[in-house]
Each structure stands twice: as structure tokens, then as C-alpha cells.
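When a residue number appears, it is its place in the shown sequence, counting from 1.
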Amino acid sequence: MRALTKFLRDVWSLTWPYWFSEERWSARALLVLVVALNLGLVYISVLFNEWYNLFYNALQDRAEDAYYHQLLRFLLLAAIHIAMAIYAFYLNRMLQIRWRRWLTHRYLDQWLADRVYYRMQLTDPGTDNPDQRIADDLRYFVFWTMLFTLDFMRQVVTLVSFMAILWGLSRDISSFVVLGVDIAVPGFMMWAALLYAIVGTWLTHQVGRPLAKLNFEQQRREADFRYSLVRFRENADGIALYGGEADENRGLRQRFADLFAVLWAVMQRQKLVIALTNVYGQLAVIFPFVVAAPRYFTDSAAQIGILLQTANAFGRVQDALSWFVDNYRDLAEWKATVDRLAGFQAALARARGVTGGAKVRPSEGGDLTLDDVRVALPSGRTLIEEARETVEPGQSVLVTGASGVGKSTLFRTLAGIWPYGEGAIHFPKDARVLFLPQKPYLPIGTLREVICYPAKPAGTDDAALTEVMDACGLDQFRARLDEAQNWSLQLSPGEQQRIAFARALVIKPDWLFLDEATSSLDHATEDRLYRLLRERLPATTLVSIGHRATLTQYHDRRLEVRPEEDGSGRLVAVP
């Protein structure tokens with residue numbers, strides 16, 4: 001019961017925001033129409049049940065006029081049913097698409113806002129494949145939630161309607177014989193349908209209970225395997241250079257073996273559930289006849305129409321009561337989807353709750369000031385202790401230090417994205433700032449968009465753009481400016497770093513931070529690019545992090561992160 005309560009609470013927490021959002025009135029109006037059409041379909045099924053009695057009695061009585069009248073009535077009911085079913089589907093799908101759009105936008109906003117996506121990698125590395133949860137799980141959640149909610153409501157209304165019909169029809173079949181004793185039971189057929197459904201539901205739940213956990217695991221391992229394939233494709237060059245195909249093959253095979261094991265377990269369990277539900281469904285076809293036929297044979301006044309109407313009503317009641325049995329496998333998949341989304345939502349909340357780290361604040365002055373900045377790891381260990389430094393506008397500063405002392409983490413702290421530590425960083429108000437990491441990010445798009453990122457290329461003059469490309473040694477790509485590619489797979493690491501320098505020359509920031517930005521370049525290219533920065537961006541304040549001794553000549557000042565005896569580091573000025 002506790003698990004069911006938690007599941008329903010998770011479903012509600014995922015569902016209610018849309019129905020109280022800015023789209024609530026249009027969503028509710030669509031939902032009312034869909035519900036009305038579904039209830040209309042139930043009413044048509046009640047009329048069909050009545051038609052069974054009239055039509056087959058007309059056949060039994062050889063009443064030709066009544067026979068043709070009932071045929072025409074059937075055609076009218078069928079036409080109405082078809083029209084209502086089409087629009088029920090159409091409006092249902094419309095609502096699903098709109099709901100999915102709203103949820104996707106909401107989760108994207110939550111994931112990307114305040115760099116939550118970045119903090120999630122630090123706070124919840126076990127929350128696998130956020131991309132799948134947004135792309136696939138949201139789609140499945142909307143689909144299953146709409147399907148099960150409407151279907152359950154329809155079955156409840158069907159149950160109430162046909163139980164009333166079955167109770168009335170049971171007046172003709174209100175007893176059964178045990179050891180020659182005629183035992184009267186009011187509403188006998190209704191109670192028989194109820195008992196049959198309860199037994200089937202209990203058996204199905206006992207057999208299929210492990211499916212929810214297995215489906216959750218299947219979705220996770222499917223996503224892991226797909227991610228491994230994408231990662232292999234994106235790193236094809238490095239794998240080929242290392243000759244790592246055999247190792248990658250082993251890794252991919254192992255991930256698929258893990259997936260295969262879960263798929264096999266799911267299949268075995270589903271086989272048992274399918275066997276049980278099929279036996280249950282097939283027996284349900286003849287069960288009402290087995291129960292009702294003895295009275296039909298002993299009562300000469302009984303009509304076949306009543307028998308068939310009773311069997312049809314019994315089938316409707318049994319179908320409604322067997323909703324859980326019939327949908328067990330899909331319910332298990334829905335639960336796995338809800339669990340994954342609830343876990344993702346909780347991870348987002350935890351990441352938003354991580355608000356530590358040095359605070360980046362605007363300053364009326366023109367300097368960049370580090371005020372008692374402490375940089376730490378997620379474990380709490382201090383990397384850099386009590387950094388106090390001032391960088392004046394127009395200066396160029398080089399930050400050095402041994403590997404692992406925290407230089408790149410300081411880079412992320414200056415960018416305001418590292419959530420561990422304390423202190424304050426004062427940036428000049430309204431200053432344009434650009435951070436260039438060691439491995440530049442190249443979005444999928446045209447080369448023009450890649451060079452101008454994160455700015456829009458619309459205001460960039462073609463002549464100026466190609467001139468910058470020539471200056472940065474990218475002249476061979478001039479003719480491909482409007483070619484859309486995954487450029488991170490097309491360009492070498494050195495070419496990608498030259499793209500980053502071209503990006504800085506196009507954007508012209510007031511403050512430029514570079515983290516090992518020339519690590520893939522030769523000394524001659526490094527010299528040319530740094531001189532370009534100094535010549536074309538003379539007013540830009542430059543802060544570089546690097547190991548190479550050759551970088552010293554391009555900077556006015558040098559700061560070093562020096563390790564202390566307690567394992568932390570200290571940022572000191574080097575004369």
C-alpha cells in the first residue's frame with residue numbers, strides 16, 4: 001500500500017502543474033470534450049447491448065420487419081460510434097501533443113536554468129541519461145497517463161452501467177444448483193462476474209509484480225547502451241588512433257549483455273503474464289454461457305436474445321473489472337516511466353538546492369576582485385584557500401601551477417558555475433565576459449553559427465568573419481561558412497582551438513578567460529594567436545591558465561597556485 005501511495009503521489013506531482021498552468025483553460029476544455037466523447041461511447045455500448053436482445057429475438061421470432069428495423073438501427077449506432085471514436089482519438093492526441101510540449105519546455109527550462117544541468121553531474125552522477133528522460137520518458141508519461149486515466153474512467157462508467165443492466169437481467173437467472181439444491185442469489189450473474197474478475201486480478205498481480213522493476217532497469221540499460229554508441233561515434237578519431245576498437249567492442253558487448261539479461265527476464269515474466277491473461281480472457285468468453293445456459297435450457301419461455309444480452313453485459317462487466325489484468329504489462333511500464341521522471345525531478349531539486357560556491361557580484365568599479373575566495377571539491381576538501389587578488393582593466397594575467405592544484409576549478413569558479421566553496425568575486429558591472437575552455441564547445445549548425453557562438457551570427461559581416469578566419473589559420477574553411485555539420489567531429493583539436501580564438505576576435509569581450517586554450521597548438525600558432533589578441537583587442541583584460549613557459553611573454557602578471565602542507569593551495573603573485 002505504501003508503494004501504491006508513493007506512486008500515486010508521484011503521478012500527481014508530475015501531472016498537476018500542467019492543469020494549473022497558463023494553458024489550463026484550453027487544456028481543461030479539451031479534456032472535457034475528450035471525457036464527454038468517451039462517456040458517449042459508453043452510452044452507445046449500452047444501446048448496442050439493448051440491440052442484442054431486440055435483434056436476436058427478432059431472428060428467433062422470425063419477425064422480418066423488426067429484423068430490418070434493427071439492422072437500420074445498428075447502422076445508425078455504428079455510424080455515430082465511428083464518428084465519436086475518431087474525434088475522441090483526434091482530440092486526445094491533440095491534448096497529448098500540447099501537454100508533452102508544455103512538459104518538455106518546463107523540464108528544459110528547469111534543467112538549463114542556473115546551470116542545473118552542470119550541478120546535476122556533481123550532485124547526482126547516478127541520475128543517468130537526462131536526455132532520455134526528457135525526450136522519451138515525457139512522451140511515454142503523457143501517453144500512458146492519458147490512456148490509463150481515460151480508460152479507467154470509461155471502464156468505471158461501463159461497470160456501473162452494465163452492472164445495473166446485469167442485475168436486471170439476472171432476475172431470469174437468479175439461482176444455481178448445487179447437489180440438487182436450487183440456491184437463489186439476487187443479481188447472481190453480477191456476482192459471478194465480480195468473483196471471476198477478483199480471482200483473475202489477484203493471480204495476475206502475483207505473477208506480474210516484478211515487471212515494474214524490470215521495466216525500469218530495461219529503460220536505464222537501453223539508454224546506457226545508446227549513449228555508449230553515441231559516445232563511440234563522437235570519439236571515433238581518438239579510438240582509431242589508440243587502436244581501441246577491441247576494447248570498445250568489449251565494452252559495447254558488455255553493455256548489451258547487461259541489456260540482454262534484462263530483456264530476457266522481462267520476456268520470461270511477460271510470457272507468464274500473457275499466458276495467464278489469455279487463459280483468463282478465453283474462459284471469459286464461455287463463462288457467462290456456462291453459468292446462464294442451464295436456466296435457458298430448463299425454461300421453455302426463455303428467449304435467446306435475453307441470453308445473448310446477458311452474455312454481452314457479463315462480458316462488459318467482466319472487461320471493466322478485468323481492466324487491471326488486461327493492462328498489467330503496460331501499467332508496469334507506466335510505473336517505470338513515472339519512477340524515472342520522479343527521480344529526475346528530485347535530482348533537479350537537489351541540484352537547485354546546491355547554492356554554495358563563491359558569489360559573482362557586479363561591481364561599480366572597473367576591477368576584478370577576489371574577496372576571500374575559497375575553492376573546494378564536492379567532498380569538502382579545500383583546493384584553494386582565501387584567494388585575495390585584484391585584476392585591473394586592460395591587464396593580462398597568467399595563472400600557473402602544478403597539475404591537480406585546482407587551476408581549472410578556479411576557472412569555473414570565476415565563471416560562477418562551481419558550486420563548492422565560498423567568498424565573493426566582484427566583476428565590473430555590465431562587462432562582456434567570455435570564457436574559453438581547453439576543449440571548445442562547437443554546437444551542431446553552420447560554421448558561421450559555430451564561430452559566433454554564443455552570439456547570433458545575424459549582425460556579423462561576412463568580410464570581417466572571413467578575415468578573422470584567415471588570421472586564425474582557418475582560411476581553408478571559408479567556402480564552408482554556411483555548411484551545417486557536427487563540427488566537433490570534422491575539425492581537429494588544434495582547429496577547434498583556433499575556432500575558439502576566432503570566436504573571441506568576433507565577439508570582442510571586455511574580459512577574456514582562457515583555460516589551456518593553446519594546448520593542442522604548436523608554439524608558432526600559439527604565438528600568432530596571442531599576438532592577434534593583443535593587437536586586435538587591446539582594451540580586453542586577459543586571464544590565461546596554462547603550463548607552458550612560452551605563455552609568460554604575452555602577460556603582464558603571473559599568479560601561481562602553490563600547494564600548502566595541509567593539502568590545500570594558495571594563490572600567490574609571482575614577481
Side-chain angles (χ1 to χ4, degrees), residues 109-125 347-401 404-438 441 454 507 509-517 540-545 557 559-564 566-573:
D109 290 344
Q110 290 183 357
W111 190 43
L112 299 177
D114 298 324
R115 300 186 176 95
V116 167
Y117 66 93
Y118 179 78
R119 294 202 295 274
M120 270 185 64
Q121 298 180 86
L122 304 171
T123 58
D124 278 277
L348 288 172
R350 284 191 293 271
R352 285 196 299 270
V354 178
T355 56
K359 307 303 180 185
V360 178
R361 299 178 178 138
S363 170
E364 295 297 335
D367 298 341
L368 164 65
T369 304
L370 277 67
D371 186 7
D372 286 330
V373 171
R374 184 177 72 90
V375 181
L377 291 175
S379 63
R381 184 172 77 84
T382 298
L383 284 176
I384 299 175
E385 184 70 62
E386 296 179 348
R388 302 186 187 91
E389 285 294 337
T390 299
V391 179
E392 299 175 359
Q395 282 188 332
S396 54
V397 180
L398 175 64
V399 180
T400 62
V405 295
K407 300 187 303 300
S408 293
T409 309
L410 175 62
F411 179 80
R412 297 182 179 93
T413 301
L414 292 171
I417 67 173
W418 189 252
Y420 301 102
E422 56 191 13
I425 300 170
H426 300 279
F427 260 108
K429 189 177 180 180
D430 300 325
R432 292 178 301 164
V433 182
L434 181 64
F435 288 84
L436 298 181
Q438 181 176 359
Y441 171 67
I507 294 175
D510 299 318
W511 292 75
L512 178 61
F513 295 81
L514 304 97
D515 182 16
E516 301 284 1
T540 295
T541 306
L542 185 66
V543 178
S544 298
I545 292 174
R557 296 177 56 201
L559 302 175
E560 183 179 356
V561 181
R562 291 180 180 172
E564 300 284 303
D566 61 0
S568 64
R570 188 170 296 276
L571 188 65
V572 297

Query - Arg412 side chain to Trp418 backbone, donor-acceptor under 3.5 Å - result: no
Report task. Report yes if the distance between the aromatic ring centroids of Phe513 and Phe411 is under 6.0 Å, otherwise no. Result -> no
Under 3.5 Å, which donor-acceptor pairs do the side chains of residues 375-387 form with other protein atoms, sequence neighbours left out?
from: Arg381; atom 1: NH1; to: Gly567; atom 2: O; distance (Å): 3.3
from: Thr382; atom 1: OG1; to: Arg374; atom 2: NH1; distance (Å): 2.9

What heavy-atom pair brings [X] and [Y] nearest, and what distance separates the two atoms?
X      : Y      : value
Thr541 : Trp511 : CG2-CZ3, 3.2 Å
Ser408 : Asp515 : OG-OD2, 3.0 Å
Ser363 : His426 : CB-CB, 3.9 Å
Thr400 : Lys407 : C-CD, 3.4 Å
Pro454 : Leu434 : CD-CD1, 4.4 Å
Pro509 : Thr540 : O-OG1, 2.6 Å

Approximate separation, where rounding is to 0.5 Å, of [X] [atom1] and [Y] [atom2]:
X      : Y      : atom1 : atom2 : value
Glu389 : Thr369 : CD    : OG1   : 10.0 Å
Gln395 : Leu542 : CD    : CG    : 11.0 Å
Gln110 : Met120 : CD    : CE    : 11.0 Å
Leu414 : Ile545 : CG    : CD1   : 7.0 Å

Query - Listed partners of Tyr441 passing ring-ring contact (aromatic ring centres under 6.0 Å, His included), at least two apart - result: Tyr453
Report task. Sort out for me which residue in Val354, Thr123, Asp114 forms a side-chain contact (heavy atoms from CB on, under 4.5 Å) with Pro419. Result -> Val354
Query raised in the report: Name the one of Leu398, Val543, Val397, Val572 that satisfies side-chain contact (heavy atoms from CB on, under 4.5 Å) with Leu559?
Result: Val397
Report task. Decide yes or no for Phe435 and Ile417: does some side-chain heavy atom of the first lie under 4.5 Å from some side-chain heavy atom of the second? Result -> no
**Report entry** Any side-chain heavy-atom pair of Leu370 and Val391 under 4.5 Å
**Finding:** no
Report task. Among residues two or more places apart or on two chains, list those pairs meeting salt bridge (Lys or Arg N to Asp or Glu O under 4.0 Å) that have a residue in residues 352-370. Result -> Glu364-Lys429
Requested in this report: Walk me through it: do Thr413 and Val373 pass the test side chain to side chain contact (heavy atoms under 4.5 Å, CB included)?
Outcome: CA-CA 9 Å; Thr413 301; Val373 171; 4.2 Å; yes
Query - Heavy-atom neighbours of Asp371 CG exceed 12 at 6.0 Å - result: yes
